[in-house]
Amino acid sequence: MKLSDRFNKGKTLVSFEIFPPKQTVTLESIFKTTEGLQTLNPDFTSITYGAGGSASDRTIETADKIKNTYGVEALAHLTCINSHKDDIDLMLNQLQAHNIENILAMRGDYPINKNNDKGRENTYQYAKDLIAHIKSNHDFCIAAAAYPEGHPECPDLNTDLLHLKEKVNSGTDFLITQMFFDNAIFYDFLDRIKQVNITIPVSAGIMPLLNSKQVGRIKGLCGASIPKPLQNIIEKYEHSSLDFEKAGIEYACSQITDLVANQVDGIHLYTMNKLEQSKTIIQQTNLR
Ligand SMILES: NC(=O)C1=CN([C@@H]2O[C@H](COP(=O)(O)OP(=O)(O)OC[C@H]3O[C@@H](n4cnc5c(N)ncnc54)[C@H](O)[C@@H]3O)[C@@H](O)[C@H]2O)C=CC1
Ligand SMILES: Nc1nc(=O)c2c([nH]1)NC[C@@H]1CN(c3ccc(C(=O)N[C@@H](CCC(=O)O)C(=O)O)cc3)CN21
């Protein structure tokens, strides 16, 4: 099923993001997590592609399992900056052969400590180029990433908004946001996209902060601002991992409860393959 058909039915969709297993471990080792998450009956599960150093060649296998074994709609991530155009078509054809109907089309992160490949031939430079290609040559529902606080490489919010508008016009069916920790920033983003007539559904990306190590990592990935109440949790529980996790889960729950009360289109939970913590969040917020 194309996910665009699931939105706009008057209820907030719930989705999970998972990583495929690293090359060094077996596929089965994470299927306990994967399977456990699917029993929570999300509207869809997205599977990353090369995120945080995970193996990109396992995205298809994992998406196949989600869709064809567990019967949950799969959204396969696909990035373009480091891939030859032919490899992208190969990947898209394989996904289609596995009945995967939904793609999260992104540019991708530049590899850390390597010269970035800007200007390389036979790759798509921006997500909008990948999206236009998929739209004209394949038949998928296409999601794209959106940045309530602006993308870190973009000089200002207005320019980023214009880039988002172009990306939507190139064939995006719905958006998933980068993580944010202050709902006011998200509501402001919804107002701003409305002003440029972006009307497709937007799922709110929620990352539960579960340990102090994650904080620096997340800053590096996206520079999301940390509001005072969350900063207080980070400082108070820096040396107490169990309390940190508990407070982080509570914080994510309070964000979600407020978003659902405001009838957002979707909640996209960055699970980091953490089964028990994700379960707690879904149950405490009465999402399932
Ligand atoms: N769920 C996930 O896995 C998520 C991953 N990301 C990562 O964020 C990164 C960015 O990916 P996308 O958002 O797909 O990239 P994008 O191609 O939409 O945008 C990337 C940057 O290029 C700029 N840009 C876009 N069009 C431009 C143009 N015509 N001229 C000049 N600059 C332009 C944008 O403002 C932005 O700063 C990727 O690393 C992606 O993997 C971000 C959010 C969620
Ligand atoms: N720029 C960007 N790139 C991404 O790949 C990405 C985003 N943003 N935002 C949304 C999600 C969140 N992602 C994340 C978030 C955190 C880690 C992280 O903390 N990784 C740890 C390992 C964690 C583990 O294996 O449990 C690390 O040390 O790399 C990785 C990817 C992937 N996605």
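As the structure lists them, so they are numbered: ligands from 1, and atoms in each ligand from 1. All values reported here derive from a predicted model rather than from experimental measurement. Both backbone and side-chain heavy atoms feed into the values below; hydrogens, waters and symmetry mates do not.
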Atom pair CD1 (I100) and CD (E73), whose distance is rounded to the nearest 0.5 Å: 8.0 Å
Judging by distance only, is a nitrogen or oxygen of G108 under 3.5 angstrom from one on ligand 1? yes
Could you tell me whether a side-chain N or O of S15 sits under 3.5 Å from a main-chain N or O of D43, the two making a donor and an acceptor? no
Can you list every pair that meets side chain to side chain donor-acceptor pair (under 3.5 Å) and has a residue in residues 194-206, with sequence neighbours left out? none
Charged N to carboxylate O below 4.0 Å: is that the case for E153 and R107? yes
Looking only at heavy atoms of K213, does any of them come nearer than 4.0 Å to an atom of ligand 2? no
Of the side chain and backbone of M106, name the one, both, or neither that has a heavy atom under 4.0 Å from an atom of ligand 1. both
Could you work out, for atom 12 (P) of ligand 1, the closest of Y147, Y49, Y124, Y126 by heavy-atom distance? Y147
Checking the N or O distance criterion of under 3.5 Å, is ligand 2 in contact with K274? no
Q214 N/O to ligand 2 N/O under 3.5 Å: no
List ligand 1 atoms under 4.0 Å from K167, heavy atoms only on the residue side. 12 (P), 13 (O), 14 (O), 18 (O)
Does an N or O from A145, backbone or side chain, lie closer than 3.5 Å to an N or O of ligand 1? no
Is ligand 2 less than 4.0 angstrom away from at least one heavy atom of L221? yes
May I ask you to decide if the ring planes of F174 and F7 are parallel, tilted or perpendicular, using 30° and 60° as cut-offs? tilted
Only heavy atoms of E166, strictly under 4.0 Å: list the atoms of ligand 1 that pass. 29 (N)
Do any nitrogen or oxygen atoms of E153 lie less than 3.5 angstrom from nitrogen or oxygen atoms of ligand 1? no
If I apply the N/O under 3.5 Å rule, does R217 come out as touching ligand 2? yes
Does S254 reach the main-chain N or O of Y251 with its side chain, forming a donor-acceptor pair under 3.5 Å? yes
Residues D160 and R192 bridged, charged N to O under 4.0 Å: no
Part of H163 with heavy atoms under 4.0 Å of ligand 1, whether side chain, backbone, both or neither: side chain
Could you check whether any side-chain N or O of E166 sits under 3.5 Å from a backbone N or O of K128, counting only pairs where one atom can act as donor and the other as acceptor? no
The option among M179, Q178, M272, M207 carrying the non-hydrogen atom nearest to atom 9 (N) of ligand 2 is Q178
Decide if the gap between the ring center of Y270 and the ring center of H268 is smaller than 6.0 angstrom. yes
Residues D265, K11; criterion salt bridge (charged side-chain N to carboxylate O under 4.0 Å, His left out); working and verdict: CA-CA 7 Å; D265 296 316; K11 82 181 211 333; over 6 Å; no
C154 heavy atoms, cut-off 4.0 Å: which ligand 1 atoms fall inside? 35 (O), 37 (O)
Under a heavy-atom criterion of less than 4.0 Å, does T48 contact ligand 1? no
Qualifying side chain to side chain donor-acceptor pair (under 3.5 Å) pairs, either residue in residues 129-150, two or more places apart: K2-D139, D89-H133, D89-H138, Y124-H133, H133-N137, K135-D173, E149-S225
Part of Q125 with heavy atoms under 4.0 Å of ligand 1, whether side chain, backbone, both or neither: neither
Taking distance alone, with N or O pairs closer than 3.5 Å, would you say D109 contacts ligand 1? yes
